Amino acid sequence: MDFGFSEEQDLLRAEVRKFLDARCPLERVRKLSETGPGYDAELWRELAELGWLGLTIPEAYGGAGLGWVDLVVLLQETGRSLFPSPLVSTTLAAAAVLENGSEEQRQRWLPSLADGTRIGTLAFLETSDSLAPGGIALLGKPDGDAFALTGEKKFVADAGSANLFVVAFRTGAGAGDLALAVLDAGSPGVSAAGHPTIDATKRLGTLKLENARVPRSALLGAASQARPAIERLYDLGAVAVTAELTGAAEQAHALTTQYAKDRIQFGAPIGKYQGVKHPLAEMYVELESTKSLLYYAAWAVAESPGELPRAASLAKAFGTDAFTRIGIDGVQLHGAVGYTAEYEIQLYLKRAKWARPVFGDSDFHYERVARLGGL
C-alpha cells in the first residue's frame with residue numbers, strides 16, 4: 001500500500017504549520033492554557049473560516065468534504081504545536097451526527113459545528129471509566145415521547161466549552177440496550193463544568209444531568225441499537241488522539257535532537273556521545289512505526305471499516321507507549337533543566353501523560369487486539 005501523501009495533503013500540512021507557527025507559538029499556548037476556557041475564540045473562528053473545523057463534514061452541510069487521512073494531517077500539526085482547542089471533541093461530535101443522524105438532524109447540527117458556532121463533544125464515560133459499552137450505566141427513563149436522564153458523565157473533553165453533547169445512555173437492562181442522543185448545553189437539567197489536567201492545554205470536565213429530557217427527535221439512530229455506533233466512535237477517538245500525540249512526539253524528538261546539537265559538554269556537542277545518539281535513534285524508529293500504524297488506521301476509517309477496530313487499537317497502543325518513552329527520554333536528555341518551566345520539552349511530557357489514558361491506554365488496546373485475533 002502507498003502511504004505517501006498527495007500534493008494537496010502536503011499543501012494542507014504546510015498551511016496548517018505556517019498558520020500555527022505564526023498565530024499560536026508556544027509562548028501563546030502557555031498563556032492560553034492558564035486562563036479562561038483554555039483556547040482562543042478568535043483563533044477558533046479563524047480555523048472555521050479556513051475550513052478546518054469541518055474538514056470531514058460533507059460540503060452539503062458546510063464542511064470541506066475531506067477524509068480522515070486529511071484530518072490526520074491537520075491533527076498532527078495541532079499536536080506538534082500543542083495547539084489548545086476543542087477541535088478533536090467537535091470533530092468526533094460531528095462524526096456521531098454525520099454517521100448516525102437523520103438528514104434533518106444533519107441539517108440541524110452539522111453546519112454550526114463546521115462554522116464554529118457550536119462546540120461539540122462526546123459524553124460517554126462514567127464513574128467506572130470503562131471504555132466498554134458495559135461501562136455505560138446512565139439510564140434513560142421513558143417520559144412520554146422522550147427519555148429523562150439523571151446522572152453524571154465523567155472525563156468529558158472540553159466540557160466547560162461545549163454547547164452540544166453527544167450522550168450515550170441505557171434504555172434497558174440488556175447489553176445492547178444503548179442509545180445516543182444530542183443534548184444542548186442550554187436545556188433544562190443540563191450543566192457542565194471543566195477543569196485543567198496535568199496538560200494545561202487539554203480540559204476535561206463533568207456533565208451533570210438532572211431529569212434532563214431527551215426527545216426522540218434528538219436520538220441519533222434507533223433507541224436501543226447504538227452499541228455499534230458507540231464502539232466506532234471510540235475507534236475514531238483513538239485515531240484522532242493518536243494523530244495528535246504523533247505530532248507532539250515528533251516535535252519532542254526534534255527539540256531533543258536540536259538540544260543535543262547545541263549543548264556542549266567536555267568540548268563537544270552531547271549528541272556526539274553514544275549515550276545520547278542511541279536514544280534519539282530509538283525515538284525515531286518508534287515514531288516512524290507509530291506513523292505507519294496511524295496512517296493505516298486513518299485509511300481504514302472509510303476504506304475498510306471492518307479493519308478499523310484492530311488498526312485503531314494497534315495505533316493507539318503502540319503510539320501511547322512510544323510517546324511516553326519519548327517524553328521521558330526527551331526530558332532526561334535535556335538533563336535537570338528539562339524539568340523546568342523554561343524549557344519546552346516538559347510540556348510534551350505532560351501531553352504524553354494526558355494522551356496515555358484517553359480513549360484507552362496501551363494495556364486496554366493490546367488486550368483488545370488479542371481478543372480481535374491480532375496477536
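All figures in this text were calculated on a predicted structure; none of them were measured in a lab.
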Side-chain heavy-atom pair [X], [Y] within 4.5 angstrom cut-off:
X: T90; Y: T121; answer: no
X: L122; Y: Y234; answer: no
X: S89; Y: I119; answer: no
X: P111; Y: T117; answer: no
X: L314; Y: H365; answer: no
X: Y259; Y: L333; answer: no
X: V69; Y: Q9; answer: yes
X: D321; Y: K316; answer: no

Would a single hydrophobic cluster contain both [Y] and [X], if residues Ile, Leu, Val, Met, Phe, Trp and Tyr are joined by side-chain heavy-atom contacts under 4.5 Å?
X: L92; Y: Y39; answer: yes
X: L180; Y: L138; answer: no
X: V88; Y: F165; answer: no
X: L349; Y: V358; answer: no
X: L178; Y: L220; answer: yes

**Report entry** Verdict with reasoning, F169 to L139, per side-chain contact (heavy atoms from CB on, under 4.5 Å)
**Finding:** CA-CA 6 Å; F169 64 94; L139 181 62; over 6 Å; no

Ion pair check, [X] and [Y], cut-off under 4.0 Å:
X: K154; Y: E126; value: no
X: R325; Y: E282; value: no
X: R23; Y: E46; value: yes
X: R118; Y: D184; value: yes
X: R13; Y: D70; value: no
X: E15; Y: K18; value: no
X: R45; Y: E49; value: no
X: E244; Y: K202; value: yes
X: K31; Y: E27; value: no

Spell out, as yes or no, whether a donor-acceptor pair under 3.5 Å connects the side chain of [X] to the backbone of [Y].
X: K353; Y: Y348; answer: no
X: R368; Y: S313; answer: no
X: H334; Y: Y339; answer: no
X: S81; Y: E77; answer: yes
X: R30; Y: A341; answer: yes
X: S304; Y: G306; answer: no
X: D40; Y: L43; answer: yes
X: Y284; Y: P279; answer: no

Locate the shortest heavy-atom distance separating [X] from [Y]; write the atom from each residue and the value.
X: L183; Y: L149; value: CD1-CD1, 4.3 Å
X: L53; Y: L113; value: CB-O, 4.1 Å
X: A64; Y: G51; value: CB-O, 4.1 Å
X: I264; Y: G267; value: CG2-C, 3.9 Å
X: Q105; Y: S102; value: OE1-N, 2.8 Å
X: L98; Y: Y61; value: CD1-CE1, 4.3 Å

Under 3.5 Å, is there a donor-acceptor pair linking the side chains of [X] and [Y]?
X: Y273; Y: Q265; value: no
X: T171; Y: S224; value: yes
X: T201; Y: R351; value: yes
X: T320; Y: R356; value: no

Query raised in the report: Which is it for F318 and Y366 under the ring-ring contact (aromatic ring centres under 6.0 Å, His included) test, yes or no, and what are the steps along the way?
Result: CA-CA 9 Å; F318 190 92; Y366 279 131; 7.9 Å; no

Requested in this report: Please test W68 against L55 for side-chain contact (heavy atoms from CB on, under 4.5 Å), starting from the C-alpha separation and ending with a verdict.
Outcome: CA-CA 9 Å; W68 270 72; L55 203 68; over 6 Å; no

Check residues 204-216 and write down every donor-acceptor pair under 3.5 Å in which the side-chain atom is one partner and the other belongs to a residue at least two apart or another chain.
{"unit_1": "R213", "atom_1": "NE", "unit_2": "D143", "atom_2": "OD2", "d": "3.0"}
{"unit_1": "R213", "atom_1": "NH2", "unit_2": "D143", "atom_2": "O", "d": "3.2"}

Requested in this report: Please report the C-alpha distance between L287 and H253 in whole Å, then the side-chain angles of each, then the deciding distance to 0.1 Å, and finally whether the side-chain contact (heavy atoms from CB on, under 4.5 Å) criterion is met.
Outcome: CA-CA 9 Å; L287 267 172; H253 178 257; 3.7 Å; yes

Query - Atom pair OG/CZ of S217 and R108 - distance to nearest 0.5 Å - result: 5.0 Å

Query raised in the report: How far does OG1 of T257 sit from CD of Q251, to the nearest 0.5 angstrom?
Result: 10.0 Å

Query raised in the report: Has E7 got more than 12 heavy atoms of other residues, nucleotides or ligands less than 6.0 Å from its CD?
Result: no

**Report entry** Within 6.0 angstrom of Q274 CD, more than 12 heavy atoms from elsewhere
**Finding:**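 At most 12 heavy atoms, drawn from other residues, nucleotides or ligands, come within 6.0 Å of this atom.
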
Query - Test log, rule ring-ring contact (aromatic ring centres under 6.0 Å, His included), inputs F19 and W52 - result: CA-CA 12 Å; F19 174 85; W52 296 342; 5.5 Å; yes

Report summary line: Taken in chain and number order and not counting sequence neighbours, the residues that satisfy side-chain hydrogen bond (donor to acceptor under 3.5 Å, both in side chains) with S33 are none

Report task. Please list, chain by chain and in numerical order, all residues satisfying side-chain hydrogen bond (donor to acceptor under 3.5 Å, both in side chains) with E344, sequence neighbours excluded. Result ->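 Expected list: none.
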
Query raised in the report: F124 pairs by side-chain contact (heavy atoms from CB on, under 4.5 Å) with which of I230, L131, V167?
Result: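 Single pass found, and it is I230.
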
Requested in this report: Apply side-chain contact (heavy atoms from CB on, under 4.5 Å) to the pair E99 and R232, showing each step before the final yes or no.
Outcome: CA-CA 10 Å; E99 296 191 358; R232 178 169 168 85; 2.6 Å; yes

